[in-house]
Amino acid sequence: MTRSEAFIIDAVLLLQMTDALAKWAAALNTFDSIKHNFRAPGQVEKALNSIALDERVMLFRGSESDIVERLSPYDQVEGTSDEVLTALVEIKSLLQVHSALQLDRFMYTEGKITRKNDLQAQLFSRSVKTQYGAVQGSKCWCLLTNAALPSSTVIGSHLFKWEWSEYVHLLGFENINDVKNGLPLWKPIEWAFDTSRLCFTFDKTSDKFIAKIMDPSILTQKLVDIGLEKMGTDWKRPPYPLQNLTFQDIDNSALEFDPGRPLRPYKRVLNFQARQARAYAIRRGWQPASWDFEDYLTEGMDISEKLKIWYNSMH
């Protein structure tokens, strides 16, 4: 499919979706009427959360069967008006097609590596490292290795990539250079993240982001070897203990934040990358289709904030 053909399809789907959503909005009319259209307690919260923060905005799953499964409960609720049911069915059908088209557009692969030499990218990196409290004189703290490293080998990388900046509203923020769209990471780790070889799941018990190595072929590789390969003469060796660190050693490790700073990355952005990494890993044979994780979409937002994100995604 050519880019022009893809654009035309996207435009048609957007118009169809807008029409379907308009019908749904007309059927619901006001937030009070939503409560009357969903009889079961908690059904409103679940429906809005599913549509506003998962299928409609993020298209995390990238799978037609998953989307059908996730939305089906909401078009079968007893007491729901015919207008709402019709609109939900239309939206679900359109999302099946649109999610498949979106999957490759936002894939984390070698071609999507963060720009290193652009001035704006450098300013963003510096801001991320400063705001997370990672700067330690001539060294910089990597949040995953929990170690101070030569500053030039730690980067404040975009989590949702810079080249997708026109789509940031889909993830509920306005500026691609928002520091919550970044993390200070050692460059070999950033490379693994940018190429779907590493992602982060979320452990609710410990309230921590946990690293998962998606490509088993790199488990025995030393991170310093990747750094030397990718940075060449610009590479600076880390302190001795980290010179033998492998990807196996950081598998299942947690991001460690400065406890004195409240700043944390957007959960929904890390979740988005993890969903894309899972799809890519399964496609490449790195992981079985049975491997999955629990989505961690919300940032502690209330209904009005979720509706705002959902509304923004329509424009």
Side-chain angles (χ1 to χ4, degrees), residues 107-163 179 181-200 209-257 265 270 273-274 276-277 280-281 283-287:
M107 195 61 72
Y108 290 73
T109 60
E110 292 283 355
K112 306 295 193 305
I113 298 294
T114 298
R115 302 170 307 156
K116 306 296 191 301
N117 300 319
D118 182 272
L119 177 60
Q120 190 177 35
Q122 292 176 10
L123 291 173
F124 174 73
S125 178
R126 186 181 308 165
S127 178
V128 167
K129 291 191 284 187
T130 301
Q131 293 298 317
Y132 277 97
V135 178
Q136 306 284 328
S138 64
K139 296 187 180 298
C140 190
W141 211 261
C142 167
L143 299 190
L144 187 57
T145 60
N146 198 25
L149 298 156
S151 184
S152 63
T153 67
V154 175
I155 184 171
S157 175
H158 287 94
L159 302 178
F160 189 70
K161 308 318 307 176
W162 180 89
E163 66 182 80
V179 291
N181 184 38
L183 279 175
L185 297 173
W186 198 15
K187 288 188 177 181
I189 296 172
E190 181 237 1
W191 164 81
F193 180 90
D194 277 354
T195 59
S196 295
R197 289 176 168 86
L198 176 150
C199 67
F200 293 99
F209 298 98
I210 307 299
K212 165 68 177 175
I213 301 300
M214 304 298 286
D215 178 5
S217 72
I218 68 170
L219 285 172
T220 59
Q221 283 191 271
K222 294 180 180 180
L223 275 72
V224 293
D225 293 338
I226 293 295
L228 181 61
E229 176 187 340
K230 301 301 177 184
M231 293 185 64
T233 56
D234 292 332
W235 176 247
K236 291 182 174 60
R237 297 187 72 81
Y240 177 73
L242 275 71
Q243 291 182 20
N244 293 317
L245 190 74
T246 67
F247 283 98
Q248 177 77 68
D249 295 326
I250 63 172
D251 193 26
N252 295 315
S253 295
L255 288 172
E256 298 293 343
F257 298 92
L270 285 176
Q273 187 273 346
Q276 295 296 77
Y280 189 71
R283 183 187 301 179
R284 295 293 297 270
W286 296 343
Q287 295 291 329

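All figures in this text were calculated on a predicted structure; none of them were measured in a lab.
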Original post:
Taking all non-hydrogen atoms of both residues, which atom of Cys142 and which atom of Trp186 are closest, and how far apart?
Top reply: SG-N, 3.3 Å

**OP:** Taking all non-hydrogen atoms of both residues into account, name the closest pair between Gln287 and Met214 and its distance.
**Re:** NE2-O, 3.0 Å

Original post:
Looking only at heavy atoms, which two atoms of Ile213 and Asp251 are closest? And how far apart?
Top reply: N-OD1, 3.0 Å

**OP:** Only counting residues at least two apart or in another chain, list the ones meeting side chain to side chain contact (heavy atoms under 4.5 Å, CB included) with Val135.
**Re:** Lys129, Thr130

**OP:** I would like to know whether Ile226 and Gln221 meet side-chain contact (heavy atoms from CB on, under 4.5 Å); could you show each step before the answer?
**Re:** CA-CA 8 Å; Ile226 293 295; Gln221 283 191 271; 3.4 Å; yes

Subject >> For Phe160, ring-ring contact (aromatic ring centres under 6.0 Å, His included) partners two or more places apart >> reply: Phe106, Trp164, Phe272

Original post:
Tell me, do Leu255 and Ile210 make a side-chain contact under 4.5 Å, heavy atoms counted?
Top reply: no

Original post:
Would you say Ser125's side chain and Ala121's backbone share a donor-acceptor pair under 3.5 angstrom?
Top reply: no

**OP:** With sequence neighbours left out, write down each residue that passes ring-ring contact (aromatic ring centres under 6.0 Å, His included) with Phe193, or none if nothing qualifies.
**Re:** Tyr108

**OP:** Would you give the length of the straight line joining atom OG of Ser253 to atom CZ of Phe247, rounded to the nearest 0.5 angstrom?
**Re:** 12.0 Å

**OP:** Of all the heavy-atom pairs spanning Tyr280 and Thr109, show the shortest one and how long it is.
**Re:** CE1-CG2, 3.6 Å

Original post:
Is there a donor-acceptor contact under 3.5 Å linking the side chains of Lys212 and Asn252?
Top reply: no

Subject >> Distance, nearest 0.5 Å, that separates CD of Gln131 from CZ of Arg126 >> reply: 13.0 Å

Subject >> Spacing of Lys187 atom NZ and Ser157 atom OG [to the nearest 0.5 Å] >> reply: 10.0 Å

Subject >> Within-4.5 Å side-chain heavy-atom neighbours: Glu190 and His158 >> reply: no

Original post:
Atom OG1 of Thr220 and atom CG of Asp249: how far apart are they, to the nearest 0.5 Å?
Top reply: 10.5 Å

Subject >> Side chain proximity check, Trp141 to Pro184, heavy atoms < 4.5 angstrom >> reply: no

**OP:** Of all the heavy-atom pairs spanning Phe209 and Pro265, show the shortest one and how long it is.
**Re:** CE1-CG, 4.1 Å

**OP:** Would you name the heavy atoms of Ala277 and Cys199 that are closest together and state the gap between them?
**Re:** CB-CB, 4.0 Å

Original post:
Between the side chain of Ser151 and the main-chain N/O of Lys139, is any donor-acceptor distance below 3.5 Å?
Top reply: no

Original post:
Charged N to carboxylate O below 4.0 Å: is that the case for Asp215 and Arg284?
Top reply: no

Original post:
For Phe257 and Leu183, what are the C-alpha separation, side-chain angles and deciding distance, and is it a side-chain contact (heavy atoms from CB on, under 4.5 Å)?
Top reply: CA-CA 10 Å; Phe257 298 92; Leu183 279 175; 4.0 Å; yes

Original post:
Going by heavy atoms in the side chains, are Lys161 and Asp194 under 4.5 Å from each other?
Top reply: yes

Original post:
Looking only at atom types and distance, does a side-chain atom of Gln243 sit under 3.5 Å from a main-chain N or O of Val224, one as donor and one as acceptor?
Top reply: no

Original post:
Measuring from Lys236:NZ to Thr153:OG1, what's the distance to the nearest 0.5 Å?
Top reply: 8.5 Å

Subject >> Donor-acceptor pair between Glu229 and Trp235 side chains, under 3.5 angstrom >> reply: no

**OP:** Output yes when a side-chain donor or acceptor of Gln248 lies under 3.5 Å from a complementary backbone atom of Ile218, and no otherwise.
**Re:** no

Original post:
Taking C-beta and beyond as the side chain, do Lys222 and Leu245 meet within less than 4.5 Å on heavy atoms?
Top reply: no

Original post:
Atom CD1 of Ile189 and atom CD1 of Ile250: how far apart are they, to the nearest 0.5 Å?
Top reply: 4.0 Å

Original post:
Between the main-chain N or O of Gly182 and the side-chain N or O of Tyr132, is there a donor-acceptor pair closer than 3.5 Å?
Top reply: yes

